[in-house]
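The structure appears right after this line, and notes come after that.
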Amino acid sequence: MTEQAGRPHRPQSEPGEPPAVAQPASAPPPPAWGGQAAGGPPAVTWGAPPAGVPAVGPAAGELAIKRSLVRCAVATVLSFGVYSFWWFYQYRRRVSAELGKADDAGLHTAGLLVPFLNYYIIYLLWNDISEVRVRVGLSEIPAVAYVIGAIFVAPVFYGIVNAQLNEYWDRRTGGRAIDAPWTSGERLATLLPLLAFGGFLLLMVIIVGLAASS
C-alpha cells in the first residue's frame with residue numbers, strides 16, 4: 001500500500017519498539033563572531049555582529065584594544081621611538097588574527113630595523129589594515145601613498161593609520177571597543193629606554209666629574 005501524495009514519510013519501528021518519531025531538520029548554527037588564528041592573540045566570542053557588519057575573520061581578542069593618538073605619541077617620544085616597535089608588534093598580531101593569517105609578528109617587527117625592508121613591512125601591515133576596514137564597510141587605506149608620505153613625515157601618517165585602525169575596532173565591535181589598559185609590557189617599552197638613557201647620562205656626568213677632579 002503506497003503512501004498518500006503529500007504525506008511525509010514516517011520512519012518504521014521494529015516490532016516491540018516504541019513508534020519512531022520523525023525529527024525536524026535543525027537549522028545550521030550561525031557563524032561564530034569570534035575565533036583565533038594560529039599563533040594569534042586570545043579571542044573571545046562577542047555574540048552576533050552589529051547590523052550591517054559582516055562576521056568576517058577571527059576576532060581580535062579582548063574589547064580593550066584601542067590606543068589614542070596622544071597616548072602613542074607621548075609614549076613614542078618618551079621611549080625615543082622604542083614604543084613604536086612595541087605598537088607594531090601588538091597590532092601586527094591582531095590584524096593577522098583578523099585575517100586568519102599566521103604571520104610571524106616577531107620577525108616582522110625585527111625587520112623594521114633593516115633599511116628599505118622596513119618600508120615594505122610597514123606597507124604589509126597598512127595594506128592588511130586597509131583590507132579589514134573594507135570588509136566591515138569602511139574606506140580603504142592608500143597604503144603605498146601612506147608609506148611614501150611616511151618617508152618624509154612619519155609621525156603624521158602613523159597617526160592617521162592609528163586613527164583609522166581605531167575606527168575599524170569601533171565598527172568591528174559595534175562600538176564596544178575601549179581604550180586598552182597600560183600593560184606591563186607597554187610600560188617597559190615606554191619607560192625602560194627613558195631610564196636607560198637617563199642612567200647613561202648620569203654615568204657620563206659622574207665620569208666627567210671624576211676626571212675633572214683628578
Side-chain angles (χ1 to χ4, degrees), residues 32-46 56-69 71-76 78-136 138 140-144 146-147 150-151 154-155 157-173 177-193:
W33 179 247
Q36 181 179 8
V44 297
T45 299
W46 294 341
V56 292
E62 65 271 20
L63 297 175
I65 45 184
K66 297 195 300 181
R67 290 177 171 86
S68 70
L69 173 60
R71 172 179 176 175
C72 294
V74 171
T76 300
L78 289 178
S79 66
F80 302 98
V82 173
Y83 178 86
S84 61
F85 289 86
W86 183 90
W87 184 97
F88 182 94
Y89 175 78
Q90 293 299 319
Y91 288 111
R92 176 68 275 177
R93 291 172 61 237
R94 294 187 180 282
V95 174
S96 294
E98 289 290 287
L99 294 172
K101 294 183 175 181
D103 296 319
D104 191 319
L107 286 178
H108 279 241
T109 305
L112 296 175
L113 298 172
V114 181
F116 301 107
L117 176 62
N118 55 348
Y119 291 115
Y120 176 66
I121 290 175
I122 291 170
Y123 162 77
L124 292 178
L125 175 60
W126 290 1
N127 188 62
D128 284 349
I129 293 174
S130 178
E131 182 176 346
V132 295
R133 281 175 56 86
V134 170
R135 289 191 179 191
V136 296
L138 295 172
E140 65 180 359
I141 292 176
V144 174
Y146 277 20
V147 171
I151 296 175
F157 287 91
Y158 290 150
I160 293 173
V161 172
N162 185 76
Q164 293 181 331
L165 182 58
N166 285 342
E167 184 183 20
Y168 167 73
W169 296 131
D170 282 330
R171 176 67 68 88
R172 178 71 167 87
T173 63
I178 60 176
D179 288 342
W182 279 91
T183 63
S184 57
E186 190 170 7
R187 293 191 189 98
L188 286 175
T190 303
L191 300 177
L192 191 59

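Counting from 1, the numbers follow the sequence of the chain as shown. Quick caveat: nothing in here was measured; it's all calculated off a predicted structure.
Residues Arg172 and Glu98 meet the side-chain proximity criterion, which asks for heavy atoms closer than 4.5 Å. Tyr146 is not listed as a side-chain neighbour of Ile122, based on a closest heavy-atom distance of 4.5 Å or more. Leu125 has its side chain out of reach of Val161: every pair of non-hydrogen atoms, C-beta onward, lies at least 4.5 Å apart.
A cation-pi arrangement, defined by a distance under 6.0 Å to the six-membered ring centre and an angle within 45 degrees of its axis, is absent between Arg71 and Trp87.
With Arg171 contributing its side chain and Arg133 its backbone, the two residues share no donor-acceptor pair below 3.5 Å. When atom types are taken as modelled, the side chain of Asp103 and the backbone of Ala105 share no donor-acceptor pair closer than 3.5 angstrom.
For Tyr83 and Trp86, the distance between ring centers is under 6.0 angstrom.
With values rounded to the nearest 0.5 angstrom, Ile129 atom CD1 is found 12.5 Å from Leu138 atom CG. Here the CD-OG distance, from Glu140 to Ser130, works out to 5.0 Å after rounding to the nearest 0.5 Å. Taking CZ of Arg67 as the reference point, atom CG of Asn162 lies at 9.5 Å (rounded to 0.5 Å). Once rounded to the nearest 0.5 Å, the distance linking CG of Leu165 with CZ of Arg94 reads 10.0 Å. Atom CD of residue Glu186 and atom SG of residue Cys72 lie 7.5 Å apart, to the nearest 0.5 angstrom. Rounded to the nearest 0.5 angstrom, Tyr91 OH and Trp169 CH2 are separated by 7.5 Å.
Ion pairing between Arg135 and Glu131 holds under the 4.0 Å rule for side-chain N and carboxylate O.
Of the residues listed (Val95, Val136, Thr173, Ile141), the one engaging Tyr168 in a side chain to side chain contact (heavy atoms under 4.5 Å, CB included) is Val136, and it is the only one.
Take Phe85 and apply the ring-ring contact (aromatic ring centres under 6.0 Å, His included) test, not counting sequence neighbours, and it matches no residue.
Applying the side-chain hydrogen bond (donor to acceptor under 3.5 Å, both in side chains) rule to pairs touching residues 109-127 yields nothing, sequence neighbours excluded.
The two residues Leu188 and Pro193 come nearest to each other via the heavy atoms O-CD, 3.4 Å. Nearest heavy-atom pair across Ala64 and Asp179 is CB-O, 3.8 Å. Shortest non-hydrogen contact noted between Ala189 and Ser79 is O-CB, 3.2 Å.
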Side chain to side chain contact (heavy atoms under 4.5 Å, CB included) evaluation trace for Asp128 with Arg92:
CA-CA 9 Å; Asp128 284 349; Arg92 176 68 275 177; 2.6 Å; yes
